[in-house]
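Below is one structure, written out as structure tokens; the observations come after it.
Nothing fancy with the numbering, it's 1 onward along the sequence.
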Amino acid sequence: MSRKVRFAIALLAVVFVAVSCKDGAPIIGKKKQDSTKAHIQIVQVLAADTNDRPEAADKANQESQKIKQALDRYYQAAFLDPGKQLDLNPHFTAEAQPGLPPNVGALALGDIAPKLERVVPKKQEATKVSFLIEEDLSAPVAIATVLFEATGEAKEKADGPVAITHNATFWFQPEGDGYKISAYTVELKADTETKKAAFGVPAGELSGGRL
């Protein structure tokens with residue numbers, strides 16, 4: 001049984017420990033923000049641990065900062081640097097990289113990017129980040145549910161602003177000192193255009209309903 005499938009089972013079988021949510025307010029990324037940079041705010045962190053250990057909650061809280069860093073880098077590249085050459089490979093595991101080309105239109109601005117002067121974020125939230133905590137307190141799987149909203153400023157002023165909304169569920173696995181995306185379901189809305197994509201999601205998880 002794969003780790004992602006075991007995590008899906010754990011989500012239903014254990015009690016989650018919420019470790020970093022207070023009155024629904026994000027606790028990460030509260031500093032004054034640069035309007036051109038990605039600053040994903042994590043609203044809630046959960047630990048799936050069969051033994052309900054305080055140490056598991058601590059581990060999830062620590063690892064959530066690595067997920068924030070991974071999300072910040074991803075959204076910076078995919079949405080907030082429209083004038084730069086897009087390369088999403090560094091943000092995904094080797095197994096997930098072959099699925100990027102057919103899905104790039106939903107994972108990033110894609111063919112919209114050349115039309116934009118810049119993108120200004122409005123909402124950047126990881127509404128929930130969940131970790132599977134093993135007996136040895138390792139965290140082999142994490143799932144992040146993200147809402148990203150921004151306004152694209154068109155190069156041709158007559159085109160007007162472009163409203164951008166990106167809803168995503170990302171599965172992460174550890175790699176090196178951080179985490180990389182191993183699976184995903186995403187939906188990108190740019191004005192009236194909507195694109196969707198999914199890759200590597202465990203059976204029964206496409207809707208994200210178990211998160």
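- Side-chain contact between Y75 and V146: present, with at least one pair of heavy atoms (C-beta onward) separated by less than 4.5 Å.
- Here K37 contributes atom NZ and L80 contributes atom CG; the two are 8.5 Å apart, rounded to the nearest 0.5 Å.
- At a threshold of 4.5 Å between non-hydrogen side-chain atoms, the residues K128 and V43 do not count as touching.
- For the pair N51 (side chain) and R53 (backbone), a donor-acceptor distance under 3.5 Å is absent.
- Considering CD1 of I42 and NZ of K68, their distance stands at 7.0 Å, rounded to 0.5 Å.
- With rounding to the nearest 0.5 Å, the separation of CG in L71 from CZ in F170 is 6.5 Å.
- In this structure, the side chains of T93 and E175 come closer than 4.5 Å at one or more pairs of heavy atoms.
- Between L107 and F92, the closest side-chain pair of non-hydrogen atoms falls below 4.5 Å.
- No side-chain donor-acceptor contact under 3.5 Å links D81 to the backbone of A77.
- Side chains of I164 and L109 form a contact here, defined as non-hydrogen atoms less than 4.5 Å apart.
- Between K122 and E149 there is no salt bridge, since no side-chain N of the basic residue sits under 4.0 Å from a carboxylate O of the acidic one.
- One distance of note links CG of L88 with CD of Q97; it measures 10.0 Å at 0.5 Å rounding.
- Between E117 and K155 there is no salt bridge, since none of the side-chain N atoms of the basic residue sits less than 4.0 Å from a carboxylate O of the acidic one.
- By the neighbour-count criterion of 12 heavy atoms within 6.0 Å, atom NZ of K189 is sparsely surrounded, having that number or fewer from other residues, nucleotides or ligands.
- With rounding to the nearest 0.5 angstrom, the CG atom of N167 is 6.0 Å from the CD atom of E187.
- Between the side chain of E125 and the main chain of Q41, no donor-acceptor pair closer than 3.5 Å is present.
- Side-chain atoms of D191 never come within 3.5 Å of backbone atoms of V162 as a donor-acceptor pair (strictly under, hydrogens ignored).
- More than 12 non-hydrogen atoms from other residues, nucleotides or ligands lie less than 6.0 angstrom from CG of D87.
- Ion pairing of D111 with K195 is present here, as a side-chain N (NZ or NE/NH1/NH2) and a carboxylate O approach within less than 4.0 Å.
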Does the side chain to side chain donor-acceptor pair (under 3.5 Å) test come out yes or no for Y179 and Q69, once each step is laid out?
CA-CA 9 Å; Y179 285 80; Q69 292 170 359; over 6 Å; no
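- Under the 4.5 Å side-chain criterion, counting only non-hydrogen atoms from C-beta, H166 is in contact with F79.
- Remark: the backbone N or O of W171 is paired with a side-chain donor or acceptor of S182 at under 3.5 angstrom.
- Atom CZ of F172 and atom NE2 of H91 lie 10.5 Å apart (nearest 0.5 Å).
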